[in-house]
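Sequence lines set the chain letters: A, B, ... in the order given, protein chains first and strands last, and positions in each chain run from 1. Worth knowing before you read on, the calculation uses all heavy atoms, side chains too, and leaves out hydrogens, waters and symmetry mates.
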Amino acid sequence: MKMEVASLVLRSPLIVASGVLGSSGSLIKNVSENPSVGAVVTKTVTYKPRNGYENPTVVDLGYGFLNAMGLPNPGYLDYKVELASIKRDLEVPLIVSIGPSNGEEAGKMVEALNSVADGFEVNVSCPHAKNLGLEVGSDVQTVRKIVKAVRESTGKPVLVKISPNVTDFVDVARSAVDAGADAITAINTVRGMAIDVNAMKPVLSNLYGGLSGKAIHPVAVRIVYELYEKLEVPIVGCGGVYDWKDAVELMLAGATAVQIGSAIAYRKMSLNVFNEIEKGIIEYLTTKGFSSIRELVGLAHNS
Amino acid sequence: MKMEVASLVLRSPLIVASGVLGSSGSLIKNVSENPSVGAVVTKTVTYKPRNGYENPTVVDLGYGFLNAMGLPNPGYLDYKVELASIKRDLEVPLIVSIGPSNGEEAGKMVEALNSVADGFEVNVSCPHAKNLGLEVGSDVQTVRKIVKAVRESTGKPVLVKISPNVTDFVDVARSAVDAGADAITAINTVRGMAIDVNAMKPVLSNLYGGLSGKAIHPVAVRIVYELYEKLEVPIVGCGGVYDWKDAVELMLAGATAVQIGSAIAYRKMSLNVFNEIEKGIIEYLTTKGFSSIRELVGLAHNS
Amino acid sequence: MRGSHYYHEANVVSNIRETIRVNTLVLRLNEGLNMAPGQFLMVWRPGEGEIPVTPSLIQGETLSLTIEKVGFTSNRLASLKPGEKVFLRGPLGNGFNLSLPGRYLLIGGGTGAASLTPAYLSLASKGVEALFLVGARDTENLVYISRLKELGVRFKVATDDGSEGFKGTLPEFFEELVSKDRFENVLTIGPEKMMVKIAEKCVDYGISCQVSLVRIVKCGLGLCGSCVLDPFGLRVCVDGPVFYGEKILGSDFGRFMRDEAGRRIEIVQ
Amino acid sequence: MRGSHYYHEANVVSNIRETIRVNTLVLRLNEGLNMAPGQFLMVWRPGEGEIPVTPSLIQGETLSLTIEKVGFTSNRLASLKPGEKVFLRGPLGNGFNLSLPGRYLLIGGGTGAASLTPAYLSLASKGVEALFLVGARDTENLVYISRLKELGVRFKVATDDGSEGFKGTLPEFFEELVSKDRFENVLTIGPEKMMVKIAEKCVDYGISCQVSLVRIVKCGLGLCGSCVLDPFGLRVCVDGPVFYGEKILGSDFGRFMRDEAGRRIEIVQ
Ligand SMILES: Cc1cc2nc3c(=O)[nH]c(=O)nc-3n(C[C@H](O)[C@H](O)[C@H](O)COP(=O)(O)OP(=O)(O)OC[C@H]3O[C@@H](n4cnc5c(N)ncnc54)[C@H](O)[C@@H]3O)c2cc1C
Ligand SMILES: Cc1cc2nc3c(=O)[nH]c(=O)nc-3n(C[C@H](O)[C@H](O)[C@H](O)COP(=O)(O)OP(=O)(O)OC[C@H]3O[C@@H](n4cnc5c(N)ncnc54)[C@H](O)[C@@H]3O)c2cc1C
Ligand SMILES: Cc1cc2nc3c(=O)[nH]c(=O)nc-3n(C[C@H](O)[C@H](O)[C@H](O)COP(=O)(O)O)c2cc1C
Ligand SMILES: Cc1cc2nc3c(=O)[nH]c(=O)nc-3n(C[C@H](O)[C@H](O)[C@H](O)COP(=O)(O)O)c2cc1C
Ligand code: FES
Ligand code: FES
């Protein structure tokens, strides 16, 4: 199921979402050996190393997860070394996720990481990191500056990942595109909180976190659908993809490719979910008489 | 479990959420006979009658529902007659939900309905009605004008129901309080969409709708928690309450009372859910050594 | 529900004209629906609406819907051609209780004759004695008769003008039959005024009577209150559509329903 | 998980000082946890952190945790008083395979001696022959010994300085034992350098060896990648914490782990 997003050629439209593999380079390498994986987005890397928040950092809700990891990562310099050590052996494009707090950081990180990245995803949407993510991503001007700096530092495809927590997400996405983004990833997690009735306290040490998984799937579908009508660039769908139907739903809404995060949890050597989803999509294409996955993209729209 | 919200005295903190009983007065009356029901909020009534949207209007997601009913209702004049016919026999406070598109409509509706209402809930948060609900509720100025008009037309308690789809929901809530709201109801549904992979079209005739049920519970907890820190008025929690733990979670976050909507679906004569939740809360209070439910409110906060 | 994400797809195999106002669609699905007689489906055509229908045949992957053209969606459905698709949500609602002891009399007015057929076939397959009464204004308006014959259903006909079978209304025919013969159970689908009369007579005769109601169904899940039967607050979509007649006599049954806007309106038929 | 919304509440019944650095908390829950030996729990104190712990006793509603004070959270937990509460998430992870045939040798270093106890008791209750080796630097650092006696565990001691039992390290003691006696299975929890040595010897002797690893566990659900064992991409929290030694020899096992920020750091012990 070959597919193109921005100028990245993917052997499958299924992409590993940022964050769920941690910072392990070798894990990225292993994952890339799964023929149903089309690309890997790295854990978001920041300018300085971050330990992330204290535990508890995740709550299991049954129909999704709430997380406030706090963007733990070794910092872009160390991470570059790690990624460089595996880059040569990678079988799929490596999309490096960066979480800059301003344009200057963005430029420096991208320049340094350019040699190991096939593309970048700019995370302006993490709902729980101070001075990062959503705190920059809800301001249209800051997003513009950051994306501009990224654009000026690389010729490689630039994706910008947006947040569902912002009323005017279309404006944010559009300003990213105006500043040079080649594609939009939608969505990051939805802000939420869990309180334990026995402990009588919020569970997450950061108090609130980001909701992912099944619970946010209809939100992702809605946002992808709306962005597809408003933007000219490809959209990468993300949010609550657990089976092939969830993936197809995002594609019909307008996603050219689909990212998978939460569904990876729990499963032993857990990338079977990619194989199952790819198999399901192929069967669906056959049953419905499509000759390529491209034909699905945006099909739910009237035009 | 007596409780006071604004100046409404409730025999139980569990309130029937707006919309789930349709427009039936006699259904409201029957429901009010359940001793675990503390108050009933009516279906949102608008200035003019509305048929609502064409079917399909609801999607069952398993972990919640997506609905775009389109605020079907007989209009405030007819509805007043219906409510008047049952008001005398009601055993609980009747909170009339109104969905005005501007201050003038709001004032007229409240004046007319004043004689049948024990309080009002102003719906500025319906995520799918044109010129109503969220379309007025995302603009702080419009909210202020509408609430002011309501305030000037009644001495009865005024609740304002807010939307999770607005980034600055705190500003919206605060402007409602400044304009005279006695309490805030949080939350209405979260915008979402479902596309059927066989039909390859959005299911809802309105394309997108509002997500309710389990899926939005963590969002409700987060918003109630935040409003509790920022506002001085009581907060009525709403969103994904299916069992007593969900209700307690909202109370610990800061809700003085709790509304229940989606959980009513499916159950035969379905108000058992109220009895079960009340029983669960009472057991919880006993086990944890509380003497009144008031002690729970906001307990998850550090102060 | 979710398994089919969110609807079952069905192909129209044939479209049979029953009367000037009524057609029967024969559908084929990819999987059987595991439906009980009396349960209903929400039938969706994207862009053309979704309406509740109680199938007139349930046989593995084959289903038929007998549809009266009353408005936009039913007209569209009734004119579908073989190869076109419909999307089904369900089964919804409670269905008939077919395990009560004794003999059954089934009384179908209008498309109700069709919708009662699965109940008859289910009883017959269990060896329960059942008689089917089918009624209409005149011969031209009788539906599903040829199908009933094909299926080997034991039925009798009543027409208001006597153009076929008993001359008179179904309640009149029913009265005549029960004065001669003993039935322990009645199942009925048809115009509410007719069903009320039958339900009242059943109370007099001590016969258990199950009626299937029609209200405006929107969600079909007990969520929106659109289909409510006042003053009991029964929701036709989950507490029904089948009710015991004696339990709802005296309510709005046969007298009032609500329109799309929730206004209480009088039932004329 | 959700049933307990989101944690199980447990009361501290007693706090037993094992050594200067290690305490055992005896806890009482409202319900049993249905945990297998080798599985772990996330132990939360609101405002004070949450850490992974493999219980040192699992007996119905009674549970004990043997905790070494290494940082903020473990220090807080190790100093809890009776009546104070902890909140438990789990059981998590895979646990030991205790249905392999043959005799078992259990080798516990540090708090590992405590965490292996449920495995011993489970084997003993099934009548499987098992011997327990407990090791530490010196007598002062031996943990859980009195509890092992109470529980009737068949155990032998090794200390580096010979102040009690065998003089030498656990791998040395192990070498001596297997040269004389035959064991089909080894289970071990302790410092990784020690476990690597044992796992290597097991390969030589053709003994099945299960080791329990420690990494930085954050989510405990296989979601965040924090606990990964490179280069296999195994997640200690769901694929482990128990692994067959021969499967992970040559990996970062005993050599590298990742710190909270995901930096690869050398393992010193
Ligand atoms: C449980 C159930 C089972 C049914 N089974 C069948 C069946 O087997 N065959 C069949 O032909 N019909 C059946 N109906 C009725 C059918 O659903 C309506 O005729 C249909 O919804 C009308 O839709 P429309 O778009 O064609 O007409 P509209 O344009 O929507 O309306 C035309 C007229 O019908 C009334 N109406 C609209 N919707 C409904 C509704 N849901 N219930 C009652 N009245 C309505 C309107 O008020 C209007 O007067 C059933 C209804 C229910 C509730
Ligand atoms: C499956 C499993 C079972 C365990 N069972 C036990 C047990 O039964 N008894 C026991 O005492 N300990 C056990 N541990 C180790 C225990 O979880 C850590 O000692 C604890 O997390 C340290 O937390 P802290 O806040 O006290 O220290 P911190 O202040 O967080 O750290 C102190 C030092 O310990 C390191 N560290 C922190 N967290 C971890 C971690 N999760 N894993 C490894 N090293 C860490 C830090 O890098 C630092 O060097 C187990 C660990 C795992 C993964
Ligand atoms: C544990 C965890 C960590 C995550 N870390 C990141 C991250 O570092 N950067 C990022 O852009 N998104 C991160 N995300 C968000 C996911 O990439 C994804 O947008 C979100 O989880 C929705 O997809 P899902 O429902 O498939 O999980 C994280 C999600 C989870 C659950
Ligand atoms: C079918 C349906 C109809 C609704 N109608 C209204 C309405 O008329 N006015 C309103 O303020 N909220 C309406 N709501 C929103 C609910 O009152 C409630 O805010 C929301 O469903 C979240 O609560 P829940 O998760 O308990 O359902 C409706 C919800 C549903 C599911
Ligand atoms: S149709 Fe919504 S409750 Fe019956
Ligand atoms: S701790 Fe998160 S994957 Fe293991």
Basic-acidic side-chain contact under 4.0 Å: R215(D), E192(D):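 A salt bridge is present here (some side-chain N lies under 4.0 Å from a carboxylate O).
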N-O pairing of R258(D) and E82(A) below 4.0 Å: yes
Please identify, among C237(D), C224(D), C219(D), the residue contributing the most non-hydrogen atom pairs under 4.5 Å to chain A.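 Of C237(D), C224(D), C219(D), C224(D) has the most heavy-atom pairs under 4.5 Å with chain A.
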I'd like to verify something: which residue of R264(D), E260(D), E48(D) has the highest number of heavy-atom pairs under 4.5 Å with chain A? E260(D)
Any residue meeting side chain to side chain donor-acceptor pair (under 3.5 Å) with E18(D), in chain and number order, not counting sequence neighbours: T24(D)
Which atoms of [X] come close to chain A, meaning under 4.5 Å heavy atom to heavy atom: side chain ones, backbone ones, both, or neither?
| X | result |
| --- | --- |
| V86(D) | neither |
| P46(D) | side chain |
| K218(D) | both |

Counting heavy-atom pairs under 4.5 angstrom with chain D, the leader among D78(A), T57(A), V203(A) is V203(A)
Please identify, among V58(A), I28(A), N51(A), the residue contributing the most non-hydrogen atom pairs under 4.5 Å to chain D. N51(A)
Among L249(D), I248(D), V242(D), whose side-chain contact (heavy atoms from CB on, under 4.5 Å) with V211(D) holds?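 Among L249(D), I248(D), V242(D), the one meeting side-chain contact (heavy atoms from CB on, under 4.5 Å) with V211(D) is I248(D).
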Check each atom of S205(A) against the heavy atoms of chain D and say whether the ones under 4.5 Å are side chain, backbone, both or neither. neither
May I ask you to check whether N188(A) and S163(A) show a side-chain donor-acceptor distance below 3.5 Å? no
For S56(D) and T66(D), test the side chains for any donor-to-acceptor distance below 3.5 angstrom and give the result as yes or no.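 Indeed, the side chains of S56(D) and T66(D) share at least one donor-acceptor pair under 3.5 Å.
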